Amino acid sequence: MAEKLIFPKHAYRTHGGVHAPHNKNTAQKESVVMTDVKSVTIPMSMHIGAPCKPTVKIGDTVKIGDIIGDSEAFVSAPIHASISGTVKKIDKITMPDSSKVDAITIESDGEMAVSESVKAPEVENLDDLLKAVRQSGLVGLGGAGFPAHVKLNIPKGKTVDTLIINVAECEPYITSDHREVIENSWDIMAGVYAVKDILDIHRVIIGIENNKPDAIKILREIADNEVDKYDEVRVLPLKASYPQGAEKILIKACTNREVPIGGLPADAGCIVMNVGSISFLSRYLKTGMPLVTKRITVDGTAINNPQNVIAPIGTPIKDIIEFCGGYKGEPKKLLMGGPMMGNSLADDSMPVIKQTNAIIAFAEKEAKLQTPSACIRCGRCVSACPMKLMPQSLSNAVDRKDFEALSKLNILNCMECGCCSFSCPAKRHIVQNLRLGKQLYNNYKKEQAQKEAKE
Amino acid sequence: MENKLYVSSSPHLSSNASTRRIMLDVIIALLPTSVAACIIFGMRSLVLIGVCVASCVLCEYIARKIMKRDTTIGDLSAVVTGLLLALNLPVNINPLIAVFGCIVAIVAVKQLFGGIGMNFVNPALAARIVLLVSFPNDMMTYPKAFFYKEGVDALTSATPLSDIGSYSYIELFLGKCPGCIGEVCAAALILGGIYLVIRKVISPVIPVVYVGVAALMTLVVGGDPLYQILSGGLLLGAIFMATDYTTSPITFSGKIIFAAGCGILTILLRTYSNMPEGVSFSILLMNVLVPHIENLTTPKSLGTVKKAKGEK
């Protein structure tokens, strides 16, 4: 690529988006480390890809950092013990997306002893890095849980010239990335340099929403430091609008490139990494401690003491909420993740997993479901859709099961951000309907392919 | 955990916008026009508005009951239809004719096609055209402004459009001319339009393009653009009728095409047809074309173009 890489002075325009209330109540509170955990339940699938198989038996003793689950598959990430103690049981639990997976329950011995296997990896080239990243168990901490070593393994024939660090954190309430920047800013920079040097990337854009001025200031101070002698890392403040942190939107805002429909960020010459992932990576390269804890924002109208908690992965939500002063009044809705894209849970026994970045409990007022009425064709969903789709027409096509229209209107390009449902004055369940439509469409495509194969 | 939690698919937040609030905003935006109507044509305007609103709401209630569907009068859309229809009538019209118009608007045009959001033409406009065709004399007899101050006899006089140049710009702007009760006072209509744009109920695209194209078209056919814009139902149509959500395109470029079409047709009808007014017919014609305009203007989804322009 001969073209010279330019750092944009301002973010590029993106279509749509909504102004959801920020509610970043916990942004100025120091994160609290939670150590006194009695038991953890660690599911064997905390990433996109093949689930892991347990590598321990009931009765085994484990220490922090020991591998307890692994898989042969490439798109997968090993799972480590997050506390020291004894394996009590291995059985199925229901995940927030209602799938059932194996989970290992470890009862703490109260020591929090670290395994001898935890030592800094030796990284000299890309292969070493990818191996180390896989070994660390790192998955995309922004919420999707895409294994990091797969993301960093750029497919042959594709050139990546830009690394984008995602600090947009556009979901309401969540401040865990914000706190990461304030508390571990040098880790972020060390991670950026490690990845950029090994992948030979010469443009790093740190995209951050402009509602975090303190974090922007800190990142700028570090990025302008003399360490960065070629001036290849810059901070780009973005408009505070949901969903600014969605991968495709972030790429558009930072580089004005569009990821082709059905394509990957690499198709637009970009790698996007969450700020939490990159700072974890630099810590891992230094200490060798795999991904066993997670910073989680605990907030919502039904939480007594909202704050960021650094908890071992597998800690039951119940215990974390108790750690935050328990429920305020009667909780009516419990979310894992942000209020725009998070999953709502049926009870609080679920453990936190690698992708969990927030636990939000709502009281009756926020939790109550609104009844949808007829569409008045106001077009708010169309102007809110960041992917420039026609949510209203798509939703109608889903109702009619009109697969031709769904294909024409690009239903699979919907990223389920929920801007359409958020902005709908008739309170229609548009994105919910599109989610169903995507499933129906995929099933239909599969059936068509099978029919063709038979003929 | 004893108490039961709500479980639903995301998003778990929603904006404050509601259908009822939108309709309430339209009613508020029509208040200046309604007050102006009462000042210009007397308290009889208020009676006319009352009759239309009441019969529209009643029609909607009864129609929904007969069709065994949920009552929807709470969303206030029937009030808006009634108000718009009243503002599109001359003040001395027989109230029974107005009631007939309301039945056409709500029952025939709106509810028989499935209620709010399903009608393919604007109910108030369709009703106005039905009345115009059925009762041309009653619909085309306009009393003078402030006739009620001059005596009992309602004096009919030429409208600004049937006798071009008979009124000054300032008379047209303030509404001192004969016409339907809601169309004469341009100042009040613009005030309402500004309120709707500020409240983000309508985008200014349709009114601005409609008025702009109509002005250009007037120049083409050799008329006086400002006079054409200020007289007749053009502003009422551009601000309140053409921006009706249900019967205008939801895409941005579609809105431009729709409004431009309305502007061109309005001036062509005003200039070359037998009738002095063309706003209602032009909007109605463009209403019918909305599905096609939307098909033509479906936006390209993000990532459709392999390489965006200006890529760096």
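First the proteins, then the strands, lettered A, B, ... as listed; each starts at 1. Owing to the predicted nature of the structure, the values given are computational and were not obtained by experimental measurement.
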Chemist: Looking at A:K333 and A:E366, is there a salt bridge between them, counting it only when a charged N and a carboxylate O are closer than 4.0 Å?
Modeler: no
Chemist: How about B:Y210 and B:T266: does a side-chain donor come under 3.5 Å of a side-chain acceptor?
Modeler: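 Yes, side-chain donor-acceptor contact under 3.5 Å.
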Chemist: Given heavy-atom pairs under 4.5 angstrom as the criterion, report whether the side chain, backbone, both or neither of A:K427 touches chain B.
Modeler: side chain
Chemist: Is B:S203 in contact with chain A via its backbone, its side chain, both, or neither, using a 4.5 Å heavy-atom distance?
Modeler: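 The answer is neither part of B:S203.
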Chemist: Side chain, backbone, both or neither: which part of A:C375 has a heavy atom under 4.5 Å from chain B?
Modeler: backbone
Chemist: Please identify, among B:S15, B:G117, B:A17, B:S77, the residue contributing the most non-hydrogen atom pairs under 4.5 Å to chain A.
Modeler: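 Most heavy-atom pairs within the cutoff with chain A belong to B:S15.
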Chemist: Pick whichever of A:N343, A:V382, A:I376, A:L345 has the most heavy-atom pairs under 4.5 Å with chain B.
Modeler: A:I376
Chemist: Is the shortest distance from a Lys or Arg side-chain nitrogen in A:D267 or A:R257 to a carboxylate oxygen in the other one below 4.0 Å?
Modeler: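 So A:D267 does not pair with A:R257 through a salt bridge.
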Chemist: Quick check for you: among A:K388, A:R377, A:E330, which has the greatest number of heavy-atom pairs under 4.5 Å with chain B?
Modeler: A:R377
Chemist: Given the options A:S383, A:A367, A:C385, which has more heavy-atom pairs under 4.5 Å with chain B than any of the others?
Modeler: A:A367
Chemist: Tell me, for B:I22 versus chain A, whether the close heavy atoms (under 4.5 Å) come from the side chain, the backbone, both or neither.
Modeler: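 B:I22 touches chain A through side-chain heavy atoms alone.
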Chemist: So does A:S395 get a backbone contact from the side chain of A:R400, meaning a donor-acceptor N/O pair under 3.5 Å?
Modeler: no
Chemist: Could you tell me whether the side chain of B:S18 and the main chain of B:R21 form a donor-acceptor pair under 3.5 Å?
Modeler: yes
Chemist: Less than 4.5 Å to any heavy atom of chain B: does that hold for the side chain of A:V259, its backbone, both, or neither?
Modeler: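 For A:V259, backbone heavy atoms alone lie under 4.5 Å from chain B.
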Chemist: Between B:R64 and B:D70, does at least one N-O distance fall below 4.0 Å, as a salt bridge requires?
Modeler: no
Chemist: Looking only at heavy atoms and a cut-off of under 4.5 Å, which of A:C378, A:S393, A:A374 has the most pairs with chain B?
Modeler: A:C378
Chemist: Can you tell whether the side chains of A:E416 and A:K438 come within less than 4.0 Å, N to carboxylate O?
Modeler: yes
Chemist: Quick one: of A:A426, A:G342, A:S421, A:S423, who has the most non-hydrogen atom pairs under 4.5 Å with chain B?
Modeler: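 Among A:A426, A:G342, A:S421, A:S423, the one with the most close pairs to chain B is A:G342.
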Chemist: At a 4.5 Å cut-off on heavy atoms, which part of A:M340 comes close to chain B: side chain, backbone, both, or neither?
Modeler: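 When you check distances to chain B, atoms from both the backbone and side chain of A:M340 fall under 4.5 Å.
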Chemist: When heavy-atom pairs shorter than 4.5 Å are enumerated against chain B, which of A:C419, A:G379, A:S344 gives the highest number?
Modeler: A:S344
Chemist: Using a 4.5 angstrom heavy-atom cutoff, name the option from B:K255, B:K200, B:M118, B:E294 with the most pairs to chain A.
Modeler: B:E294
Chemist: Between B:K110 and B:E60, is there a salt bridge with N-O shorter than 4.0 Å?
Modeler: yes
Chemist: Can you check whether A:E322's main-chain N or O pairs, donor with acceptor, with A:Y327's side chain at less than 3.5 Å?
Modeler: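 Not a single qualifying donor-acceptor pair exists.
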Chemist: So which part of A:K368 gets closer than 4.5 Å to some heavy atom of chain B, the side chain, the backbone, both or neither?
Modeler: both
Chemist: Using the side-chain contact (heavy atoms from CB on, under 4.5 Å) definition, which of the options A:P372, A:C414, A:P391 pairs with A:I430?
Modeler: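 Running side-chain contact (heavy atoms from CB on, under 4.5 Å) over A:P372, A:C414, A:P391 with A:I430 returns exactly one hit, A:P391.
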Chemist: Can you tell me which portion of A:P8 sits under 4.5 Å from chain B's heavy atoms? Options are side chain, backbone, both or neither.
Modeler: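 Nothing of A:P8, per the 4.5 Å heavy-atom cut-off to chain B.
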Chemist: Could you check whether A:S373 and B:R20, counting side-chain N and O atoms only, form a donor-acceptor pair closer than 3.5 Å?
Modeler: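 No, A:S373 and B:R20 have no side-chain donor paired with an acceptor closer than 3.5 Å.
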Chemist: Could you look at A:I360 and say if it's the side chain, the backbone, both or neither that has a heavy atom under 4.5 Å from chain B?
Modeler: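 Answer is neither: A:I360 stays 4.5 Å or more from chain B.
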